[in-house]
Amino acid sequence: MNKLTLENQSAVTRFTVQCFSDKQALQTPLFMVFLLAFLIILIGNVSVFAVITLSVQLHKPMYIFLGSLSFLDISSTSMTLPNLLVMLHTQDKTISFTGCMVQLYFFMAFACIEFILLSAMAYDRYVAICYPLHYALRMSLKHCAKIIVGVWVAGFLDPVIHTVLMTNLSFCSSNHINHFFCDLTPVLKISCSDTSLIEMITYINGVIVGFNTFTSTSVSYVFILFKILKIHSSQGKKKALSTCTSHLTCVIIFYGSIICLYMRPTKSISPNQDVFALLYAVLVPMLNPFIYTLKNKEFKANLRKIGSRMSSILMA
């Protein structure tokens with residue numbers, strides 16, 4: 001029995017990935033849909049990042065955080081969608097064990113970074129609205145840069161234990177991942193090893209990272225709400241709210257999809273999780289650039305300036 005298990009474990013050097021459906025007629029439509037989604041994500045987030053980088057007027061904490069979020073969205077989708085597109089196009093729906101672990105590590109790292117980054121952005125709005133006179137001191141560019149570096153370092157350190165434990169699992173029963181990328185719960189589900197330790201660490205990590213950042217974000221918005229209610233003019237209230245609604249919308253979508261995805265026992269996960277994974281992995285990074293910039297007059301003014309500058313260079 002042990003010999004058979006070891007043989008099967010050593011044989012699993014590659015995983016097969018479900019990629020939604022095995023039906024041949026659906027492969028091209030799925031490829032086109034995800035290619036379009038990926039292009040929208042890239043164009044939207046690269047545009048936001050480029051405008052913020054090139055516009056000195058936007059070198060403010062709020063926009064620097066937004067630029068970091070756009071870079072994060074580009075990075076996270078680049079870890080999943082290109083590989084999915086290749087699988088759909090070539091019909092070779094396999095990934096190496098090492099490739100799967102790398103994809104798993106970076107996906108978890110980027111998720112952790114987004115948790116902390118959204119919390120930092122909420123704190124930025126809290127200081128801007130509740131302590132406007134102290135904003136320049138509390139949220140200086142130097143302080144903002146330290147926060148962003150800390151966020152990314154913490155994010156890359158967070159999934160190290162998970163990844164090390166995952167590499168020691170055996171997959172003697174199946175090597176088929178019922179998902180469209182190597183995510184934590186689908187990979188755990190096909191392992192014949194005891195996964196209780198990893199699940200326990202996941203829940204503890206969820207409390208430390210997810211719950212604490214959610215609490216921090218919620219407390220920031222409670223104070224912001226109280227401050228807005230104290231503003232006498234309707235115009236002042238509207239202006240204060242306009243700086244928060246976009247971030248709050250993204251926070252609700254992000255936490256909603258994450259809770260549906262991960263805050264359940266591994267055995268209860270079903271193929272329907274693809275819907276929630278799509279919300280986080282595709283819909284959130286696709287909507288973020290539009291939610292944050294659609295009604296932002298300052299950003300759109302700088303976008304037009306850069307656009308006209310580029311047109312002048314091309315026409316010369």
Side-chain angles (χ1 to χ4, degrees), residues 12-45 72-111 114 159 162 166 169 171 173-192 195 202 253-290:
V12 179
T13 57
R14 298 188 74 82
F15 292 104
T16 59
V17 186
Q18 180 64 32
C19 297
F20 300 102
S21 175
D22 292 326
K23 292 181 180 179
Q24 190 63 36
L26 292 176
Q27 302 309 300
T28 300
L30 284 170
F31 175 81
M32 296 305 295
V33 167
F34 284 107
L35 177 61
L36 179 62
F38 187 50
L39 289 175
I40 292 171
I41 290 168
L42 281 182
I43 293 168
N45 285 287
L72 174 63
D73 285 339
I74 295 166
S75 303
S76 61
T77 51
S78 295
M79 284 304 302
T80 55
L81 290 189
N83 196 52
L84 173 62
L85 289 170
V86 170
M87 288 179 179
L88 290 172
H89 181 67
T90 63
Q91 292 301 293
D92 179 15
K93 298 181 180 180
T94 63
I95 186 171
S96 67
F97 181 86
T98 303
C100 185
M101 292 300 109
V102 169
Q103 191 179 64
L104 176 70
Y105 167 78
F106 279 105
F107 187 79
M108 292 176 66
F110 292 140
E114 190 154 4
H162 280 91
M166 292 290 288
L169 293 179
F171 299 91
S173 57
S174 174
N175 70 330
H176 182 72
I177 299 171
N178 191 19
H179 205 31
F180 63 95
F181 67 95
C182 290
D183 198 5
L184 181 65
T185 45
V187 175
L188 285 177
K189 196 172 182 180
I190 64 170
S191 174
C192 54
T195 62
T202 301
I253 296 172
F254 173 75
Y255 277 98
S257 58
I258 286 292
I259 289 169
C260 292
L261 256 179
Y262 297 111
M263 300 312 288
R264 295 174 292 167
T266 302
K267 301 302 179 185
S268 71
I269 303 297
S270 69
N272 292 329
Q273 70 171 347
D274 283 353
V275 177
F276 300 116
L278 282 173
L279 279 176
Y280 169 67
V282 179
L283 188 64
V284 172
M286 187 163 61
L287 292 179
N288 277 349
F290 300 101

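No experiment lies behind these values; they were computed from the predicted model shown. Position 1 is the first residue of the sequence; numbering continues from there. For the numbers below, each heavy atom of this structure counts, side chains included, while hydrogens, waters and symmetry mates do not.
The backbone N or O of Arg14 sits less than 3.5 Å from a side-chain atom of Asn175, completing a donor-acceptor pair.
Within a 6.0 Å sphere centred on NE2 of His176, heavy atoms belonging to other residues, nucleotides or ligands number more than 12.
Scanning all heavy atoms of the two residues, the minimum distance from Ser191 to Leu169 falls at OG-CB, 3.7 Å. Nearest heavy-atom pair across Ala111 and Phe254 is O-CZ, 4.0 Å. Listed here is the closest heavy atom pair of Phe97 and Met166: CZ-O, 4.4 Å. Considering every non-hydrogen atom in both Lys23 and Gln27, the closest pair reads O-NE2, 2.8 Å. Asp73 and Ile41 get closest at one heavy-atom pair: O-CG2, 4.3 Å. Across all their heavy atoms, Ser76 and Phe110 have their closest contact at CA-CD1, 3.5 Å.
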field: Phe38/Leu85 under side chain to side chain contact (heavy atoms under 4.5 Å, CB included): CA gap, chis, key distance, verdict
entry: CA-CA 9 Å; Phe38 187 50; Leu85 289 170; 4.2 Å; yes
- prompt: Going through the checks in order, is the side chain to side chain contact (heavy atoms under 4.5 Å, CB included) test met by Ile177 and Val187?
  reply: CA-CA 6 Å; Ile177 299 171; Val187 175; 4.0 Å; yes
task: Kindly indicate, with the supporting measurements, whether the criterion side chain to side chain contact (heavy atoms under 4.5 Å, CB included) is fulfilled by Thr77 and Val282.
output: CA-CA 7 Å; Thr77 51; Val282 179; over 6 Å; no
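From Thr80, atom OG1 reaches atom CZ of Phe34 across 9.5 Å, with rounding to the nearest 0.5 Å. From Phe20, atom CZ reaches atom CG of Asn178 across 11.0 Å, with rounding to the nearest 0.5 Å. With rounding to the nearest 0.5 angstrom, the OG1 atom of Thr90 is 9.5 Å from the NZ atom of Lys93. Rounding to the nearest 0.5 Å gives a distance of 4.5 Å between CG of Leu184 and OG1 of Thr202. To the nearest 0.5 Å, atoms NZ (Lys189) and CG (Asp183) are separated by 12.5 Å. Met79 CE to Cys182 SG: the interatomic distance, rounded to the nearest 0.5 Å, is 9.5 Å.
Applying the side-chain contact (heavy atoms from CB on, under 4.5 Å) test to Val17 and every residue at least two apart in sequence or in another chain returns Cys19, Met87, Ile95.
The shortest distance between side-chain heavy atoms of Leu88 and Phe180 does not fall below 4.5 Å. The side-chain heavy atoms of Val284 and Glu114, taken from C-beta on, include a pair separated by under 4.5 Å.
Here Phe107 and Tyr280 bring their ring centres to under 6.0 angstrom of each other.
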